Visitor: 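Once you've had a glance at the structure underneath, I'll fire off some questions.
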Amino acid sequence: MTIVSAAAAAALFKDCTRCFKFSSIVGVGLGGTLTYRHTYKINRVHFSGSIPSSYYCCATLSITMEEVKPTFDVDKAAVLVNEMRKTFSSGKTKSYEWRMSQLESISKMIDEKEKEIIEALHKDLSKPELEAFLSEILMTKSSCKLALKELKHWMMPKKVETSMATYPSSAEIVSEPLGVVLVISTWNFPFLLSLDPVIGAIAAGNAVVLKPSEIAPATSSLLTKLLGEYVDESAIRVVEGAVRETSALLEQKWDKIFFTGGARVGRIVMAAAAKHLTPVTLELGGKCPAVVDSNVNLQVTAKRIIAGKWACNNGQACIGVDYIITTKEFAQKLIDSLRSVLEEFFGKDPMESKDLSRIVNSFQFMRLVNLLDEDKVSDKIVFGGQRDESQLQIAPTILLDVPEDSLIMQEEIFGPLLPIMTVEKLEDSLDMINRKPKPLAAYLFSDDEQIKSKFVQNISAGGIAINDTVLQLTVSGLPFGGVGESGMGSYHGEFSFDAFSHKKAVLYRSFAGDAPTRYPPYTPGKQKQMKALVSGNIFNIILALLGWFRD
């Protein structure tokens, strides 16, 4: 096992479930020597033995597949990348016609295989059909449709103004593909978050390798099958697998790596990319706050918070509401409203609801249970708290005023638990948010224009939505990406095209208009003329030009 894969394995086990003891992971990792053994059964993972309790699984690259003799190693990864480089070097992927044909094929694939996609998402996450359609199929198709509509415009060189120093001249910015790129996707929206960046990579003219998440095996397998049928395999390939396969891919030199997942594995990806000076886009996450003022329409606010929490993959979403901040005097009204709307949406017994996704696997289930059962947290539950490990279900759960130093307030929850923190006055919420790493998204519910302005000016986040949640993701003209620990780089719409392009500066000049002041010897007269040119004063510029012609 390589150092990268061992480090990946160590990171995967860090902070997931402190009650488990694991063993059998072999290699030198972040915390010493590790060995592992694993089996896969009904999308649930079973371990035996021991590993330091500070390591646990909660990221994209988890081990959820049967141990078999590896069929994809570093050598095969190198062969794959070489094949892709030959394709890219042929110039095939750079043509407008090739890009359009591949995007049209993906759009056709989504239309023709919608039922199979929905079935795979249900197998992996029990996603309700409408949620799967809206959040994965429709959004992926919208990205494809926009790229098809705007591709010619995106590819056109962008004219820019030139300066007097280059007169006469013209200049432009030419977008060129980076080359052979790697997309590593995650499990919570396994179809959308796999294909959305791939669409951007294709639109920009790259050859692309997709590594889907093994934690969503049905969707991973389906993507491999469908892309093999619908797109050009000489330039677009899928590699399935887990830590070994991802590590083999990360050993290679890429022209760009696009990763969606957790911050711990993001660090490993970035370290691997640094060996080759490969640029990265990291779409991570964080604790996304929602601040609720007392002057809001409470019914609408409750519905929109629930839509951005439990109706969004049961809380397993990087931009989902992670915690709420409101005033002490308003908290109970908000809790009552949330309770009422939750019952309206999911019934009196939400564990029986068909409109909630399940927790993805046993590791994530036990991680969430541990957050809930921490001594200083367990007595803070004001709604919900039911759980069923056999069904991997946890009911929508609201907690009030958990300690800020509790685990649930220190790490991204990524599940159906929602702490509500209270402050004396709403302005205090800004300090609470700013004490934590910058989130991927931040939300404010208020009709106070001054509070809105303060929130936008003082909260640093990947994106902000006022009086709603999650919907900023659907606006193609807005970049989607993190800041600080929530990620780097952005995509969506033209930003996806830009994420996989190099903006090449090009200056065009004729052989006329050479300025004598440019060349030695640098006489006092030449220096005076040059200063006049750069002064910006039109009279001085005219005098300098007359001096050129005289010389």
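No experiment lies behind these values; they were computed from the predicted model shown. Side chains are part of it too, since the values below use all heavy atoms of this structure and drop only hydrogens, waters and symmetry mates. All residue numbers in this chain count up from 1 along the given sequence.
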Visitor: Keeping the roles fixed (side chain from S107, backbone from L103), state whether a donor-acceptor pair exists under 3.5 Å.
Guide: no

Visitor: Okay, side chain of W310, backbone of P416: is any donor-acceptor separation there less than 3.5 Å?
Guide: yes

Visitor: Under 3.5 Å, is there a donor-acceptor pair between the side chain of T326 and the main chain of V292?
Guide: yes

Visitor: Which side chain to side chain donor-acceptor pair (under 3.5 Å) pairs, counting each pair once, include a residue from residues 334-347, with sequence neighbours left out?
Guide: Q332-D336, D336-R339, E343-K348

Visitor: Of the non-hydrogen atoms in A120 and L222, which two are nearest, and what is the gap between them?
Guide: CB-CD2, 4.0 Å

Visitor: Is there a side-chain contact between R387 and V369 in this structure, where contact means two heavy atoms from C-beta onward sitting under 4.5 Å apart?
Guide: yes

Visitor: Of the options E374, E411, E412, which is the one that meets R367 in a salt bridge (Lys or Arg N to Asp or Glu O under 4.0 Å)?
Guide: E411

Visitor: Side-chain contact, heavy-atom cut-off 4.5 Å: E136 with E131?
Guide: no

Visitor: For M270, give me all partners under side-chain contact (heavy atoms from CB on, under 4.5 Å), at least two apart in sequence or on another chain.
Guide: V280, L282, M488

Visitor: Once rounded to the nearest 0.5 Å, what's the spacing between atom CG of L372 and atom CG of L368?
Guide: 8.5 Å

Visitor: Would you check, one step at a time, whether the test side chain to side chain contact (heavy atoms under 4.5 Å, CB included) holds for L356 with F346?
Guide: CA-CA 8 Å; L356 283 169; F346 306 117; 3.7 Å; yes

Visitor: Please check this pair: side chain of E129 against backbone of E119, looking for a donor-acceptor N/O pair closer than 3.5 Å.
Guide: no

Visitor: Please check: side-chain N/O of K436 versus main-chain N/O of M409, any donor-acceptor pairing under 3.5 Å?
Guide: yes

Visitor: Hey, could you give me the CG/CD distance between L138 and E114, rounded to the nearest 0.5 Å?
Guide: 9.5 Å

Visitor: Would you mind reporting whether I464 and F455 have side-chain heavy atoms less than 4.5 Å apart?
Guide: yes

Visitor: Please determine whether the number of non-hydrogen atoms from other residues, nucleotides or ligands lying under 6.0 Å from atom NZ of K333 exceeds 12.
Guide: no

Visitor: State whether the side chain of E150 and the backbone N or O of A147 hold a donor-acceptor pair below 3.5 Å, judged by distance alone.
Guide: no

Visitor: For D375, I'd like to know if atom CG has over 12 heavy atoms of other residues, nucleotides or ligands within 6.0 Å.
Guide: no

Visitor: Which is it for D373 and S378 under the side chain to side chain donor-acceptor pair (under 3.5 Å) test, yes or no, and what are the steps along the way?
Guide: CA-CA 5 Å; D373 288 349; S378 57; over 6 Å; no

Visitor: Determine whether a donor-acceptor pair (N or O, by modelled atom type, separation under 3.5 Å) exists between the side chain of D388 and the backbone of Q393.
Guide: no

Visitor: Looking at every heavy atom in both L400 and A331, which two are closest together, and how far apart are they?
Guide: CD1-CB, 4.3 Å

Visitor: Evaluate the side chain to side chain contact (heavy atoms under 4.5 Å, CB included) criterion for residues L249 and W254: first the C-alpha distance (whole Å), next the side-chain angles of each, then the deciding distance (0.1 Å), finally the verdict.
Guide: CA-CA 9 Å; L249 290 169; W254 302 90; 3.9 Å; yes

Visitor: Verify the neighbour count for atom NZ of K113: are there more than 12 heavy atoms of other residues, nucleotides or ligands below 6.0 Å?
Guide: yes

Visitor: More than 12 heavy atoms of other residues, nucleotides or ligands under 6.0 Å from NZ of K115: yes or no?
Guide: no

Visitor: For residues 466-481, dump all side-chain donor-acceptor pairs below 3.5 Å to protein atoms at least two apart in sequence or in another chain.
Guide:
from, atom 1, to, atom 2, distance (Å)
N467, OD1, S446, N, 2.8
N467, ND2, S446, O, 3.2
T469, OG1, R304, O, 2.7
T469, OG1, G308, N, 3.4
Q472, OE1, V470, N, 3.2
Q472, NE2, Y443, OH, 3.2
T474, OG1, L471, O, 2.7

Visitor: Is the closest side-chain donor-acceptor distance between Q457 and S453 under 3.5 Å?
Guide: yes

Visitor: Using 0.5 Å steps for rounding, measure from the CZ atom of F330 to the CD1 atom of I335.
Guide: 10.5 Å

Visitor: Nearest 0.5 Å, what's the CE-NZ distance between M421 and K328?
Guide: 9.0 Å

Visitor: When rounded to the nearest 0.5 angstrom, what is the spacing between CG in L130 and CG in D355?
Guide: 8.5 Å

Visitor: Can any side-chain N or O of T397 pair as donor or acceptor with the backbone N or O of A395 at less than 3.5 Å?
Guide: yes

Visitor: Does any non-hydrogen side-chain atom of Q391 lie less than 4.5 Å from one of M351?
Guide: no

Visitor: Enumerate, atom names and distances included, each donor-acceptor pair closer than 3.5 Å involving a side-chain atom of residues 313-323, sequence neighbours excluded.
Guide:
from, atom 1, to, atom 2, distance (Å)
N313, OD1, S357, OG, 3.4
N313, ND2, N188, O, 2.9
N313, ND2, Q316, O, 3.0
N314, ND2, S357, O, 2.8
Q316, OE1, V360, N, 3.2
Q316, NE2, N313, O, 3.2
Q316, NE2, R358, O, 3.0
D322, OD1, K287, NZ, 2.4
D322, OD2, I413, N, 2.9

Visitor: Would you say the side-chain atoms of S486 pair up with the backbone N or O of V483, donor to acceptor, closer than 3.5 Å?
Guide: yes

Visitor: State, with a plain yes or no, whether a side-chain heavy atom of I110 is found less than 4.5 Å away from one of T140.
Guide: yes

Visitor: With a 4.5 Å cut-off on side-chain heavy atoms, are I420 and L399 touching?
Guide: no

Visitor: Just by modelled atom types, is the P217 backbone N or O under 3.5 Å from a matching donor or acceptor in the S221 side chain?
Guide: no

Visitor: Under the criterion side chain to side chain contact (heavy atoms under 4.5 Å, CB included), I'd like the reasoning laid out for L444 against K452: C-alpha separation, chi angles, the key distance, then a yes or no.
Guide: CA-CA 7 Å; L444 170 68; K452 291 179 189 178; 4.1 Å; yes

Visitor: Looking only at the aromatic ring of each residue, does the gap between the centers of F500 and W154 stay below 6.0 angstrom?
Guide: no

Visitor: What are the two closest non-hydrogen atoms of P190 and L125, and how far apart are they?
Guide: CD-CD1, 4.0 Å

Visitor: Checking T224 now: which residues fulfil side-chain contact (heavy atoms from CB on, under 4.5 Å) with it, not counting sequence neighbours?
Guide: V238, E240

Visitor: If we only count heavy atoms from C-beta on, is the V183 to V208 side-chain gap below 4.5 Å?
Guide: yes

Visitor: Do D196 and S143 get their side chains close enough for a donor-acceptor pair, meaning under 3.5 Å?
Guide: yes

Visitor: Between F497 and Y491, is the ring centroid distance below 6.0 Å?
Guide: no

Visitor: Among residues at least two apart in sequence or on other chains, which ones pass side-chain contact (heavy atoms from CB on, under 4.5 Å) with K425?
Guide: E427, D428

Visitor: What are the two closest non-hydrogen atoms of L227 and M109, and how far apart are they?
Guide: CD2-SD, 4.1 Å

Visitor: Can you find a pair of side-chain heavy atoms, one from L210 and one from V239, that are under 4.5 Å apart?
Guide: no

Visitor: Quick one: CG on L334 to CD1 on I305, what's the gap to the nearest 0.5 Å?
Guide: 5.5 Å

Visitor: When you look at E485 and K438, which way does the side chain to side chain contact (heavy atoms under 4.5 Å, CB included) test go after all the steps?
Guide: CA-CA 6 Å; E485 289 195 23; K438 297 174 182 180; over 6 Å; no

Visitor: Any side-chain donor paired with an acceptor under 3.5 Å for T281 and K256?
Guide: yes

Visitor: So, for S194 and S185, which heavy atoms are closest and what is the spacing to 0.1 Å?
Guide: OG-OG, 2.7 Å

